[in-house]
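Note sheet for the following structure.
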2 protein chains.
Amino acid sequence: MKKQERQRYIKRLLSSNEIERQEDFVRLLSAENIEVTQATISRDIKDMQLVKVPSVTGGYHYSMPVQKQMDTEKKLKRTLKDAYVSYATQDKLVLIKVLPGNGPALAALLESMHYDEVFGTLGDDANVLIICKSLAMTLELQQKIQRLLSDN
Amino acid sequence: MKKQERQRYIKRLLSSNEIERQEDFVRLLSAENIEVTQATISRDIKDMQLVKVPSVTGGYHYSMPVQKQMDTEKKLKRTLKDAYVSYATQDKLVLIKVLPGNGPALAALLESMHYDEVFGTLGDDANVLIICKSLAMTLELQQKIQRLLSDN
DNA sequence: TCCGGACTTTCATATTTATGCAATTTGGCT
DNA sequence: AGCCAAATTGCATAAATATGAAAGTCCGGA
């Protein structure tokens, strides 16, 4: 898929760079050999529901829609706390055992968070396997999950 | 102050109406006999850090910066849970007793949530008095506070 | 009261963003 | 492969938003 890959890049750009205009996306993507016009970016932004936030420093920058983010994070937290059984790590893998029936739901929620660290997620009835992109990222993800579990 | 009052109105409009363009603000404010141009609205939006959110239904609408909102809500929740002592209501008043020293902080946090129900907030060393706009709104506010206290 | 400076607003316009439409690409399905 | 429908994109431009500069407003102090 072309569009989705591009939108992945866009998401990545969001977290790293400070993006003030849609043309910035065009430039930055072009630097990664992805050539699109501002029109397409405008549509991507609509798709992804990104917002242009007036920043404290007086400028503007594009950002993830925190509303959604918080909503799913809340659900994720609840599900995780409800269904959590145990937890193990090996290499770039994180395996979460959950109460029977909760695997798919939890996997879907994790998916929808679009964590940068995650290569893929996979849920069966009582397990969720998260495949990270690197060892370092595995650690980071672990911490995130810890936080979700402990955080009130 | 003229500007601040206008921004109050803007905040109010946000919660009620579905506002798609800055010109909508101009029209709605004009309906309340506040005459300004789009340029001013643009600056207000920058001031207030409002964002134009692509909505699921395919359009756009202006909204509060949820990031901030969530951040202060978190702080509010923590403070409230930490310092809370007791709670009473009479007419349009809600009185929260807190541990000595926490009144002003809690009052400030409540202020910064800009709840629609609230006419004013007032904190001394160990008390916060919230004055609501109506009896109905007092009930609503009470529920919000209950939720903050019980919600994990 | 009158002045000066800090804010605020408007006007005009530059800049940025969204979108209709035609062209192109994609993904089945036979 | 070859065709169709649906999805995606670019182009051109409309629509919306941001902003410099001039004009107006609001205080506080001489």
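In what follows, chains carry the letters A, B, and so on, assigned in the order in which the sequence lines appear, proteins first and then strands, with residues in each chain numbered from 1.
- Atom pair A/Glu5:CD and D/dT9:C1' shows a separation of 16 Å (rounding to whole Å applied).
- For B/Lys52, whose side chain is taken as the heavy atoms from C-beta onward, the closest listed nucleotide among D/dC11, D/dT17, C/dT10 is D/dT17.
- At the phosphate of D/dT17, OP1 or OP2 sits under 4.0 Å from a side-chain N or O atom of B/Tyr62.
- One can place NE2 of A/His61 at 18 Å from C1' of D/dT17, the figure rounded to the nearest angstrom.
- Between B/Lys46 and D/dT17 there is no side-chain polar atom (N or O) within less than 4.0 angstrom of OP1 or OP2.
- The separation between B/Leu50 atom CG and D/dT17 atom P is 12 Å, rounded to whole Å.
- Minimum atom distance to the side chain of A/Ser42 is reached by C/dA18, of the listed C/dA18, D/dG10, D/dA18.
- The salt bridge (Lys or Arg N to Asp or Glu O under 4.0 Å) analysis of residues 25-42 of chain B, with sequence neighbours excluded, yields the pairs B/Asp24-B/Arg27.
- In terms of phosphate contacts, A/Arg43 brings no side-chain nitrogen or oxygen within less than 4.0 Å of OP1 or OP2 of D/dA7.
- Toward the 5′ end of DNA chain C lies the nearest nucleotide of B/Asp44, the other residue of the pair B/Asp44 and A/Ile45 mapping further downstream.
- One atom, CD of A/Glu23, and another, P of D/dG10, lie 12 Å apart when rounded to the nearest Å.
- Taking 4.0 angstrom as the limit, B/Gln22 places none of its side-chain polar atoms (N or O) nearer than this to OP1 or OP2 of D/dA15.
- Within 4.0 Å (heavy atoms only), B/Thr40 reaches at least one base atom of the nucleic acid.
- Remark: C1' of C/dT16 and CZ of A/Arg27 are 14 Å apart, rounded to the nearest angstrom.
- Legend: salt bridge (Lys or Arg N to Asp or Glu O under 4.0 Å) pairs involving residues 84-110 of chain A, not counting sequence neighbours: none detected.
- A/Val94 and A/Leu135 are not part of a single hydrophobic cluster, where members link through side-chain heavy atoms under 4.5 Å apart.
- Nucleotide D/dG24 holds its P atom 19 Å from the CD atom of B/Glu35, rounded to whole Å.
- In this entry the distance linking CZ of A/Phe25 with P of C/dT17 reads 10 Å, nearest Å.
- Put simply, the side chain of B/Arg21 and the base of C/dT17 share no donor and acceptor less than 3.5 Å apart.
- Contact of A/Gln38 with C/dA18 (side chain to base): a donor-acceptor pair of N or O atoms is detected under 3.5 Å.
- The distance from atom OG1 of B/Thr89 to atom CG of B/Leu95, rounded to the nearest 0.5 Å, is 8.5 Å.
- Computed from coordinates, the B/Glu20 CD to C/dA18 C1' distance equals 13 Å when rounded to whole Å.
- No cation-pi contact links B/Lys133 to B/Phe119, judged by a cut-off of 6.0 Å to the six-membered ring centre and 45° from its axis.
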